[in-house]
2 protein chains.
Amino acid sequence: MTLQQFLPYRLAVLADAVSRAMAAVYQQRFDLTRDEWRLLAVLGDRGRLQAAEAAQATTVDKMQASRALRRLQARGLVSRQTDPDDRRHVIVQLLPAGRSVLQQLNPVIQAREAYLLAALSEPERELLDRALDRLLQRAQELQQL
Amino acid sequence: MTLQQFLPYRLAVLADAVSRAMAAVYQQRFDLTRDEWRLLAVLGDRGRLQAAEAAQATTVDKMQASRALRRLQARGLVSRQTDPDDRRHVIVQLLPAGRSVLQQLNPVIQAREAYLLAALSEPERELLDRALDRLLQRAQELQQL
DNA sequence: TATTGTTATACTCTATAACTATA
DNA sequence: TATAGTTATAGAGTATAACAATA
């Protein structure tokens, strides 16, 4: 067993390095946490969502999502309103200030992603794409044992 | 920007799932943390090391490594001795009890890794191997900006 | 009785830096 | 003065479960 060749270790080291490279952008420029950024990104992409939907789409658990959304609301980046049709639901929506943050962040974030992907040829990218999906599926199967 | 297609997000989700699938093994069977397991694995592979070398090889920082190694020593899995040639150095070495833990863990851990990799063909595995290296290199470049 | 979201709490992890001893 | 390792400490993140409001 060589740790340096062990796939779980390599994935952890890579994900950590990539995550830091991205976090540096949204932390330094807008003082956002990873959860806050993910929630903003999902709201930017999919519009109004229930809190639970936003949590699921970002793989942030509902408790952390609740706190992150409250911070985003306090900063005027999103709105939170109880759904009149089912008053247990909270509808979350991006506000103009939140959209502005995304519009400033996205070019930088996407440029960094593009720089990473430029390490690979197009066929390699497609294969990586499929490999990540398949590995995730198997990892989730292992977790359920 | 779709979070679900964003490479850093996908890597984070995958690494987390894979990490949990492995941690379940060494946590439940031997009450080891991730850092403790990494240090044991490196010591099993490379024999006696200075504390700083062990930390570097596991990407665990020296402070966390110091604590993890003390816990491993308290459980009788490793020994820590000041190097007589330079009394600032601490030499860490796997003890028989530590080797026994590794011998019980490794087959299970490696079977899980093999199950993950069975999702890919041999040429795909080779490509993934190179892709992870190249992506890591670029991620580290981005971090230094 | 079940569901959505919030609150509480304890625990772990992480980051920064100060400190000790050796060189 | 620099290095290896340890200790201290505060802050962030995580996990579990209890709770209130609503259905």
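To find a chain, count down the sequence lines: A is the first, B the second, and so on, and within it residues start at 1.
- In this structure, A:Trp37 and A:Tyr26 have parallel ring planes: the angle between them is below the 30° cut-off, well short of the 60° mark.
- Closest to the B:Thr33 side chain, of the nucleotides D:dA23, C:dC13, C:dG5, is C:dC13.
- Between the side chain of B:Arg112 and the main chain of B:Ala21, a donor-acceptor pair closer than 3.5 Å is present.
- For the pair B:Asp83 CG and D:dG5 P, the interatomic distance rounds to 9 Å; values are reported in whole Å.
- Looking at heavy-atom distances under 4.0 Å, B:Arg71 makes no contact with the nucleic acid at all.
- The side chain of A:Arg87 has D:dA23 as its nearest neighbour among D:dA23, C:dT22, C:dT14.
- The residue among A:Gln50 and B:Asp85 whose nearest nucleotide of DNA chain C is located toward the 5' end is A:Gln50.
- Hydrophobic clustering keeps A:Leu72 apart from A:Leu95 (ILVMFWY residues linked when any side-chain heavy atoms are closer than 4.5 Å, directly or through intermediates).
- A:Arg70 comes within 4.0 angstrom of the backbone, heavy atoms only, and of no base.
- As judged by a 4.0 angstrom heavy-atom cut-off over every strand, B:Asp86 is placed among residues touching the sugar-phosphate backbone only.
- In this structure, the CD atom of A:Gln56 is 15 Å from the C1' atom of C:dG5, given to the nearest Å.
- Counting heavy atoms from C-beta on, the side chains of B:Glu113 and B:Leu117 come closer than 4.5 Å.
- Considering only the side chain of A:Lys62, C:dG5 comes nearest among D:dT14, C:dG5, C:dA17.
- Checking D:dT7, C:dA8, D:dG13 against the side-chain heavy atoms of B:Met63 singles out D:dT7 as nearest.
- Here C:dT6 is the nucleotide among D:dA15, C:dT6, C:dT14 with the atom lying nearest to any side-chain atom of A:Val90.
- Note on B:Ser66: every side-chain N or O is 4.0 Å or more away from OP1 and OP2 of D:dG5.
- Between the C1' atom of D:dG13 and the CZ atom of A:Arg34 lies a distance of 9 Å, rounded to the nearest Å.
- Not one side-chain nitrogen or oxygen of A:Arg20 sits closer than 4.0 Å to the OP1 or OP2 atom of C:dT14.
- Within the structure, every side-chain polar atom (N or O) of B:Arg67 is placed at least 4.0 Å from both OP1 and OP2 of C:dT14.
- Rounded to a whole Å, the CZ atom of B:Arg88 is 11 Å from the C1' atom of D:dT1.
- One can place CD of A:Glu53 at 14 Å from C1' of C:dT3, the figure rounded to the nearest angstrom.
- Follow the hydrophobic side-chain contacts under 4.5 Å out from B:Met63 and you never reach B:Val90; the two are in separate clusters.
- Here the P atom of nucleotide D:dG13 and the CG atom of B:Asp16 are 15 Å apart, to the nearest Å.
- When all heavy atoms are compared, the tightest approach of A:Leu3 to A:Tyr9 is O-CD2, 3.1 Å.
- Considering only side-chain N and O atoms, B:Gln64 lies under 4.0 angstrom from the phosphate OP1 or OP2 of C:dT14.
- To the nearest angstrom, C1' of C:dT7 lies 16 Å from CG of A:Leu69.
- A:Asp35 has its CG atom 20 Å from the P atom of D:dG11, to the nearest Å.
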